[in-house]
Amino acid sequence: MNTAKHKLLQTWRWYGPIDPVSLQDVKQAGATGIVSALHHIPHGEIWPLEDIIERKAIIEAAGLTWAVVESVPVHEAIKTRRADADHYIENYRESLRNLAKCGIKTVCYNFMPVLDWTRTQLDLTMADGSKALYFNWLDLAVFDLFILKREGAGADYSDSLKDRAKERFATMNTDELNELKINVLMGIPNEKGIELEALRASIEEYKTIGREGLKKNLAYFLNGIADVCEETGINMTIHPDDPPYAILGLPRIVSTKEDLVDILRSVDKPFNGICYCTGSLGAGVSNNLPEIFEAVKERVYFLHLRNVTKDAEGNFYEADHLGGDVNMYEIMKAVTAENARRAEPIPFRPDHGHQMLDDLNKVTNPGYSAIGRLRGLAELRGLELGVTGNY
Ligand code: DNO
């Protein structure tokens with residue numbers, strides 16, 4: 001049992017005024033912190049101070065606080081270190097300064113090439129009738145080989161998977177193929193998506209960059225914002241790759257314990273931190289989650305608590321928060337012990353949730369409907385209380 005005076009900070013991702021889940025819903029779910037971003041600002045542009053102030057005021061008027069920004073997106077020009085990378089780093093620095101002026105000091109971002117999180121199905125029906133997000137290699141291979149038609153894709157899959165993909169493709173109609181395409185390319189609500197042609201061009205560009213190049217570009221970015229973070233007290237938290245595997249021939253550098261440790265060492269300063277996401281890391285068949293947390297815990301400034309059930313092939317669906325392969329009891333013990341050492345509570349959010357109950361009849365953002373996350377948050381809050389005895 002630990003004796004922390006503060007609990008973890010219970011937060012909730014809110015996509016802003018366009019989110020079908022209202023701030024009042026969030027309050028009823030019991031969260032006190034909001035995780036939000038200015039999704040209407042195109043990637044790479046400066047976040048204007050007025051827009052940040054406005055969003056903050058909306059959140060505070062509901063009696064909540066804006067605890068974390070997820071995400072200030074890193075422009076592709078920075079990830080690929082194009083000639084104009086420095087211009088975008090300058091913009092990023094300005095956005096960070098503006099956020100700090102409003103007292104917002106925890107920023108989440110990712111360094112996944114081109115695509116943010118990737119799933120092949122958004123409505124896998126669970127035994128209880130709720131719906132979950134799903135990643136399946138066979139469907140990804142169908143997308144890669146027959147929809148994207150990526151050059152050299154064949155080399156990335158086993159012969160048996162390729163045979164099965166061919167058979168499956170032959171049974172799929174136009175609507176099914178279109179749905180698979182939409183699912184794989186799906187981005188963040190209200191942000192600009194990507195088309196097949198642009199994805200092909202990016203894949204080409206990343207071929208020459210590779211894993212080592214991408215690591216260097218990340219370190220260049222972190223060095224480029226370090227002084228602003230140190231002056232303002234901003235902590236950056238990198239989100240792991242989701243899924244934590246190279247997909248579509250794109251390099252991955254945030255998938256394992258070694259990756260995370262490398263990133264912390266590459267720019268060894270406290271501002272350079274991690275968003276510990278048990279769902280993304282948990283999808284890696286070789287990832288040992290408590291061990292990963294132990295290795296990086298001092299620099300974990302944000303937690304995404306979510307569960308996955310995977311099979312031997314590495315396919316996975318998103319399970320109940322206290323179901324699945326991630327031993328959330330062990331995780332909660334570890335994160336609350338770390339929280340007890342901190343001056344400020346570590347924010348966590350119930351990441352994703354099943355579409356269930358009344359939400360099954362509503363248009364919701366995949367993974368971000370209200371009731372599934374409300375259930376997740378309630379379970380996690382109870383688990384924390386049980387683990388710490390901190391009533
Ligand atoms: C998915 C999220 C990610 C995350 C970004 C961070 O549900 O966890 O989209 O926000 O990768 O930049």
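The chain is numbered in sequence order, starting from 1. Computed from heavy atoms alone, side chains included, the values below leave out hydrogens, waters and symmetry copies. As the structure lists them, so they are numbered: ligands from 1, and atoms in each ligand from 1. Predicted model, so just to flag it, every value in this text is computed and none were measured.
Heavy atoms of Arg13 found under 4.0 angstrom from ligand 1 belong exclusively to the side chain. Contact annotation: for Tyr109 versus ligand 1, heavy atoms closer than 4.0 Å belong to the backbone alone.
Taking 4.0 Å as the cut-off, Arg349 counts as a neighbour of ligand 1 on heavy-atom distance.
Among all non-hydrogen protein atoms, the one lying nearest atom 8 (O) of ligand 1 is His239 NE2, 3.2 Å. From the protein, the heavy atom lying nearest to atom 10 (O) of ligand 1 is Glu70 OE2, 2.4 Å. In terms of protein heavy-atom proximity, atom 6 (C) of ligand 1 is nearest to Ser71 OG, 3.1 Å.
Atoms of ligand 1 lying under 4.0 Å from any heavy atom of Trp117, numbered from 1 in the order shown and given with element: 1 (C), 9 (O). Residue His352 has at least one heavy-atom neighbour below 4.0 Å for each of these atoms of ligand 1: 1 (C), 7 (O). Ligand-side atoms of ligand 1 in range of Met112: 11 (O), range being under 4.0 angstrom from any heavy atom. Listed by atom number, the atoms of ligand 1 under 4.0 Å from His304 heavy atoms are 8 (O).
Side-chain N/O atoms of Asp25 and Ser22 include a donor and acceptor closer than 3.5 Å. Looking only at atom types and distance, the side chain of Thr120 has no donor-acceptor partner in the side chain of Asn136 under 3.5 Å away.
Across Asp116, Ile188, Ile238, heavy-atom proximity to atom 5 (C) of ligand 1 is greatest for Asp116.
The aromatic rings of Tyr368 and Trp117 sit perpendicular, their planes meeting at an angle over 60°, well past the 30° parallel limit. Ring pair Tyr245/Trp137 is perpendicular by interplanar angle, where above 60° counts as perpendicular and below 30° as parallel.
Between Arg375 atom CZ and His354 atom NE2 the span is 8.0 Å, to the nearest 0.5 Å. For the atom pair Leu9 CG and Ile346 CD1, the distance stands at 10.5 Å (nearest 0.5 Å). Here the CG atom belonging to Asn183 is positioned 11.5 Å from the CG atom belonging to Leu140, to the nearest 0.5 angstrom.
No close placement of the Tyr92 and Tyr109 rings is indicated, their centers lying 6.0 Å or farther apart.
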